[in-house]
Protein chains: 2
Amino acid sequence: MSQTQMMKGIIDGCLLAIIAKKECYGYEMAESLSEYGFDTISEGTIYPLLMRMQREGLVTSVLRNSTAGPKRKYYSLTSEGKQELTEFQTRWFQLEKCVNAVIKEGI
Amino acid sequence: MSQTQMMKGIIDGCLLAIIAKKECYGYEMAESLSEYGFDTISEGTIYPLLMRMQREGLVTSVLRNSTAGPKRKYYSLTSEGKQELTEFQTRWFQLEKCVNAVIKEGI
DNA sequence: TCTCACTATCTTGTATTACAAGGTATATAT
DNA sequence: ATATATACCTTGTAATACAAGATAGTGAGA
């Protein structure tokens, strides 16, 4: 069992939460997740997720010039994305409650 | 994004926690997880996980007669299993902290 | 008796996931 | 020139959770 496996399905929601705070690009999100305390999350994980969420209509993107490298693809939430974030938060709090119940209490 | 995806990698640890409380068999663990508030977790999920964890030396099993159906395969934690449970708890609390930070706070 | 419901385990096939590894390309500093 | 940091993307792989279904024992009621 690895930290990796425990992450499954949760990174998506965290990316939505990060984008909700401010318009943001993939490379920046990877750094942001590290600052929040996550183990380094590969760009090979993040970029496909962003592309899938765009395909699903949860986010939109625009290219903007950077002063320090190639163009950045900035993502924003759509209204569907905002709704999905809300639903993710609900699922997360539910999961948190259940796992803590199993871990901490006796039957 | 589904509840399903968010579960990935977490069920293992919850099973270890349930077995730690008392010797337990697969079918019973499925019911137990429901009582803890989890959405129904398929037996097609649980049995392969138990078999994998046995293969990895985290649990052992014994067959015992049942008064109400076929024999039950009761699982117990090995010392490796106990250690893995401890490590799972550490990883879980870390994950919990990080996800809540992303969801709740601004940068 | 026979059939239904419940108990209990396991297998097969599928979609999805996270990632390592590597490729491509731009900008700045040395 | 070349190195470093920035920035995006693709390919191939191992693992995951599950739906669906196979198999089988037990007990209750028609």
Side-chain angles (χ1 to χ4, degrees), chain A residues 1-16 19 23-34 38-56 58-59 61-75 88 91 95 98-99, chain B residues 1-16 19 23-34 38-56 58-59 61-75 88 91 95 98-99:
Chain A
M1 238 180 329
S2 63
Q3 176 75 358
T4 296
Q5 297 314 323
M6 196 152 60
M7 295 304 301
K8 294 200 176 201
I10 295 179
I11 298 179
D12 318 44
C14 291
L15 291 179
L16 290 177
I19 298 168
E23 200 191 46
C24 200
Y25 57 99
Y27 193 85
E28 192 182 12
M29 295 182 213
E31 292 179 326
S32 188
L33 286 169
S34 284
F38 287 93
D39 286 352
T40 300
I41 295 178
S42 161
E43 294 167 26
T45 298
I46 290 178
Y47 290 117
L49 285 179
L50 290 172
M51 288 185 279
R52 197 207 66 208
M53 293 197 289
Q54 181 158 28
R55 210 164 54 237
E56 291 172 348
L58 303 179
V59 298
S61 64
V62 285
L63 285 174
R64 294 196 207 286
N65 290 321
S66 166
T67 55
K71 291 192 174 200
R72 297 165 174 167
K73 192 182 274 187
Y74 282 86
Y75 288 89
F88 166 73
R91 285 199 305 276
L95 177 66
C98 295
V99 173
Chain B
M1 238 180 327
S2 64
Q3 176 75 358
T4 295
Q5 297 315 323
M6 196 151 59
M7 295 304 300
K8 293 200 176 200
I10 295 179
I11 298 178
D12 319 42
C14 291
L15 291 178
L16 290 176
I19 297 168
E23 199 191 47
C24 199
Y25 56 99
Y27 194 84
E28 192 181 13
M29 295 181 211
E31 292 177 326
S32 188
L33 286 169
S34 285
F38 287 93
D39 285 353
T40 299
I41 294 178
S42 162
E43 294 162 24
T45 299
I46 290 178
Y47 290 117
L49 285 179
L50 289 172
M51 288 184 280
R52 196 206 67 206
M53 291 198 290
Q54 180 157 29
R55 210 164 55 237
E56 291 174 347
L58 303 179
V59 298
S61 65
V62 286
L63 285 174
R64 294 195 207 287
N65 289 321
S66 166
T67 55
K71 293 194 173 195
R72 297 166 175 166
K73 192 182 275 187
Y74 283 86
Y75 288 90
F88 166 74
R91 285 199 306 275
L95 177 65
C98 295
V99 173

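Protein chains get the first letters and strands the later ones, always in sequence-line order, with residue 1 at the start of each.
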How many whole angstroms separate atom [atom1] of [X] from atom [atom2] of [N]?
X: B:Met51; N: D:dC18; atom1: CE; atom2: P; value: 15 Å
X: A:Leu63; N: D:dT6; atom1: CG; atom2: C1'; value: 15 Å
X: B:Ile41; N: C:dA8; atom1: CD1; atom2: C1'; value: 18 Å
X: A:Asp39; N: C:dA20; atom1: CG; atom2: C1'; value: 15 Å
X: B:Tyr27; N: D:dT23; atom1: OH; atom2: C1'; value: 15 Å
X: B:Lys71; N: C:dC6; atom1: NZ; atom2: P; value: 25 Å
X: A:Ile10; N: C:dC19; atom1: CD1; atom2: P; value: 12 Å
X: B:Leu50; N: D:dC18; atom1: CG; atom2: C1'; value: 15 Å

Separation of [Y] [atom2] from [X] [atom1] (nearest 0.5 Å):
X: A:Ile10; Y: A:Leu15; atom1: CD1; atom2: CG; value: 12.0 Å
X: B:Arg72; Y: B:Thr67; atom1: CZ; atom2: OG1; value: 6.0 Å
X: B:Ile46; Y: B:Asp12; atom1: CD1; atom2: CG; value: 11.0 Å

Under 3.5 Å donor-acceptor pair, B:Glu43 side-chain atoms to D:dC18 base atoms: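 Answer no: no donor N or O sits under 3.5 Å from an acceptor.
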
So if I take every side-chain heavy atom of [X] and compare against [options], which nucleotide ends up nearest?
X: B:Arg72; options: D:dA17, D:dT6, C:dA8; result: C:dA8
X: B:Ile11; options: C:dA20, D:dC18, D:dC8; result: D:dC18
X: A:Asp12; options: C:dT17, C:dT11, D:dA17; result: C:dT17
X: B:Ala68; options: D:dC18, C:dT7, C:dC10; result: C:dT7

Side chain to side chain, B:Thr40 and B:Leu33, heavy atoms closer than 4.5 Å: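 A side-chain contact under 4.5 Å is absent here.
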
Side-chain N or O of A:Tyr47 closer than 4.0 Å to phosphate OP1/OP2 of D:dC8: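 So the side-chain polar atoms of A:Tyr47 do come within 4.0 Å of the phosphate oxygens OP1 or OP2 of D:dC8, strictly under.
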
Phosphate OP1/OP2 of C:dT17 contacted by A:Arg52 side-chain N/O (<4.0 Å):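 So the side-chain polar atoms of A:Arg52 do come within 4.0 Å of the phosphate oxygens OP1 or OP2 of C:dT17, strictly under.
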
DNA chain C: 5'-proximal contact among B:Glu28 and A:Ser66 (nearest heavy atom):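 Between the two, 5'-proximity favours B:Glu28.
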
Given DNA chain C, 5'-ward residue of the pair B:Gly44 and B:Tyr25, judged by closest heavy atom: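 Looking at DNA chain C, the more 5' nearest nucleotide goes with B:Tyr25.
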
Pairwise 5' ranking along DNA chain D for A:Thr45 and B:Ile46, keeping only the more 5' one: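 The residue mapped nearer the 5' terminus is A:Thr45.
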
Side-chain ion pair, B:Glu28 and B:Lys73, N-O less than 4.0 Å: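 A salt bridge is absent here (no side-chain N lies under 4.0 Å from a carboxylate O).
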
